[in-house]
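Accompanying notes for the structure given below.
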Amino acid sequence: MKLELHNVFCCYDGYPPVLKDVNFSVSSGEICCLLGPNGVGKTTLFKTILKLIKKQHGEILIDGENIDHWSPGKMAKHMAYVSQFHVPPFPYKVRDVVLLGRINSISYFGQPTDLDYRIAEEAMVDMGIDHLHDKAYTDISGGERQLVMLARALAQEPNFLILDEPTANLDYGNMIRVMSKIRHLKDKGIGVIMTTHSPDHAFMCQSTVVMLQKDEPLLFGSCTDVITEKNLKDAYGISVKLVEFFDHKGRLMRMCSPIID
């Protein structure tokens, strides 16, 4: 299955387009990282894909079908969204928070079935949080909460996950744990689009990259093609050195090292 954007113009009502001629695609089992400085339209692009704001021009297709007239229910069967911040309003148990991912599959006056509970449980196992089953969501760490949100989205059984800075405000250990689980989603055949401020995340996932720059055409391609010292300089206005090394499995990897005067 493939999510495709063709010549999409993203804008808010009454304002000039924030993004023009957006063209890229993400297939099942692929990760695509959105990079770019603040204010270039990453959140606007997400809202357009999710139909939270209306695009001005172009087409967004899933498996070749235009999503313009899809109902919210049909959208939910194909795409799940995990926001950057989630403030827990009540001390729900973790299992109940994850079970909310099944809400689109439950009738208005219905109750969760054994199947719904099993899918939610499998999502917690996939994210490595099944040991938090009976913990109050308000009592777990920020990294654990992010994994709970990923499990809830996974329980929705979508084809694509839209993640808005999934490692924002996490310490280094939790950032690595969350990134490891996101890579696991790729292995499950789920397409992932995520925003991040760290080019290294794209290298970790061996993802494709959409790099947005103000008043410039977007760049789209493999992480090794798009994340170059020149492109990072153009996008962020800083000098970066790309460092190559072999990981513990003998794979050639890259990471960014900023040049600080």
Side-chain angles (χ1 to χ4, degrees), residues 2-27 30-62 66-68 70 72 75 78-86 146 149 153 158-169 179 182 191-205 207-223 225-238 240 256 258:
K2 182 178 285 189
L3 170 64
E4 301 171 90
L5 281 76
H6 295 298
N7 304 115
V8 172
F9 281 53
C10 306
C11 68
Y12 294 91
D13 284 344
Y15 291 89
V18 177
L19 293 169
K20 301 178 181 179
D21 283 323
V22 176
N23 292 276
F24 71 92
S25 64
V26 183
S27 296
E30 288 184 351
I31 297 176
C32 180
C33 288
L34 268 61
L35 298 174
N38 289 334
V40 294
K42 296 188 296 295
T43 299
T44 303
L45 180 56
F46 267 9
K47 288 181 177 179
T48 304
I49 293 172
L50 293 163
K51 294 179 59 177
L52 299 176
I53 60 174
K54 188 176 181 180
K55 59 182 169 53
Q56 187 181 71
H57 178 73
E59 288 185 321
I60 301 175
L61 311 174
I62 291 183
N66 194 312
I67 69 171
D68 278 357
W70 281 17
M75 286 287 293
H78 290 276
M79 283 194 279
Y81 172 63
V82 178
S83 63
Q84 183 180 152
F85 301 108
H86 184 258
Q146 193 67 336
M149 290 295 99
N159 299 114
F160 298 95
L161 276 178
I162 313 294
L163 311 179
D164 190 4
E165 293 188 42
T167 62
N169 300 312
M179 288 304 301
I182 290 172
V192 177
I193 305 176
M194 58 176 277
T195 57
T196 176
H197 283 298
S198 173
D200 287 334
H201 289 169
F203 289 133
M204 288 179 192
C205 297
S207 73
T208 58
V209 171
V210 172
M211 185 176 287
L212 302 175
Q213 301 180 52
K214 191 171 180 62
D215 300 323
E216 295 289 340
L218 66 80
L219 301 175
F220 173 62
S222 69
C223 54
D225 288 340
V226 175
I227 303 176
T228 65
E229 294 169 1
K230 179 184 184 304
N231 288 341
L232 291 173
K233 175 74 172 179
D234 291 343
Y236 296 99
I238 59 169
V240 172
C256 300

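Here the structure is a predicted model, which means the values were calculated and not measured.
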TODO: Begin with the C-alpha distance, continue with both residues' side-chain angles, and end with the deciding distance and a verdict on side chain to side chain contact (heavy atoms under 4.5 Å, CB included) for Asn159 and Ile62.
DONE: CA-CA 10 Å; Asn159 299 114; Ile62 291 183; 5.6 Å; no

Please round to the nearest 0.5 Å and tell me the distance separating atom [atom1] of [X] and atom [atom2] of [Y].
X      : Y      : atom1 : atom2 : result
Lys20  : Cys11  : NZ    : SG    : 11.0 Å
Met149 : Ser83  : CE    : OG    : 8.0 Å
Met179 : Thr196 : CE    : OG1   : 6.5 Å
Asp13  : Ile53  : CG    : CD1   : 8.5 Å
Phe46  : Cys10  : CZ    : SG    : 11.5 Å

Open item on the list: So for atom NZ, which belongs to Lys55, do other residues, nucleotides or ligands contribute more than 12 heavy atoms lying within a distance under 6.0 Å?
Closed with: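 Enclosed: over 12 neighbouring heavy atoms sit under 6.0 Å from NZ of Lys55.
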
TODO: Count the heavy atoms belonging to other residues, nucleotides or ligands that lie under 6.0 Å from NZ of Lys2, then report whether that count exceeds 12.
DONE: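 No, because the 6.0 Å sphere around NZ of Lys2 holds 12 heavy atoms or fewer from other groups.
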
TODO: Over 60° means perpendicular and under 30° means parallel, so classify the ring planes of Phe220 and Phe24, tilted if in between.
DONE: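 Judged by the thresholds at 30° and 60°, the geometry between Phe24 and Phe220 is tilted.
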
- [ ] Evaluate the ring planes of His78 and Trp70, with Trp represented by its six-membered ring, and classify them as parallel (under 30°), tilted (30 to 60°) or perpendicular (over 60°).
- [x] tilted

Flag the pair [X] / [Y] as yes when at least one side-chain heavy-atom distance between them is below 4.5 Å, and no otherwise.
X      : Y      : answer
Asp21  : Phe9   : yes
Val26  : Ile31  : no
Thr48  : Leu5   : no
Met211 : Leu218 : no
Lys51  : Ile60  : no
Met194 : Val82  : no

Open item on the list: Has Asn23 got a side-chain atom pairing as donor or acceptor with Asn7's backbone, closer than 3.5 angstrom?
Closed with: yes

Open item on the list: Looking at His197, is its backbone amide N or carbonyl O close enough to the side chain of Glu165 to form a donor-acceptor pair, meaning the two atoms are under 3.5 Å apart?
Closed with: no

Determine the minimum heavy-atom distance between [X] and [Y], stating which atoms define it.
X      : Y      : result
Glu229 : Val240 : CG-O, 3.1 Å
Asn231 : Asp225 : ND2-O, 4.2 Å
Gln56  : Pro17  : OE1-CG, 3.2 Å
Lys42  : Leu35  : CD-C, 4.1 Å
Ile49  : Met79  : O-CE, 3.5 Å
Pro158 : Ala153 : CD-O, 3.3 Å

Open item on the list: Quiz question: by atom type and distance under 3.5 Å, do the side chains of Asp164 and Thr195 form a donor-acceptor pair?
Closed with: yes

TODO: Output, in order, the C-alpha distance, side-chain angles, deciding distance and verdict of side chain to side chain contact (heavy atoms under 4.5 Å, CB included) for Tyr81 and Leu52.
DONE: CA-CA 11 Å; Tyr81 172 63; Leu52 299 176; 5.6 Å; no

Open item on the list: Name the residue from Leu163, Val210, Ile162, Leu161 that meets the side-chain contact (heavy atoms from CB on, under 4.5 Å) definition with Ile193.
Closed with: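 Exactly one candidate clears the test, Ile162.
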
TODO: Given side chain to side chain contact (heavy atoms under 4.5 Å, CB included), test Val8 with Glu59 step by step and report yes or no.
DONE: CA-CA 6 Å; Val8 172; Glu59 288 185 321; 5.8 Å; no

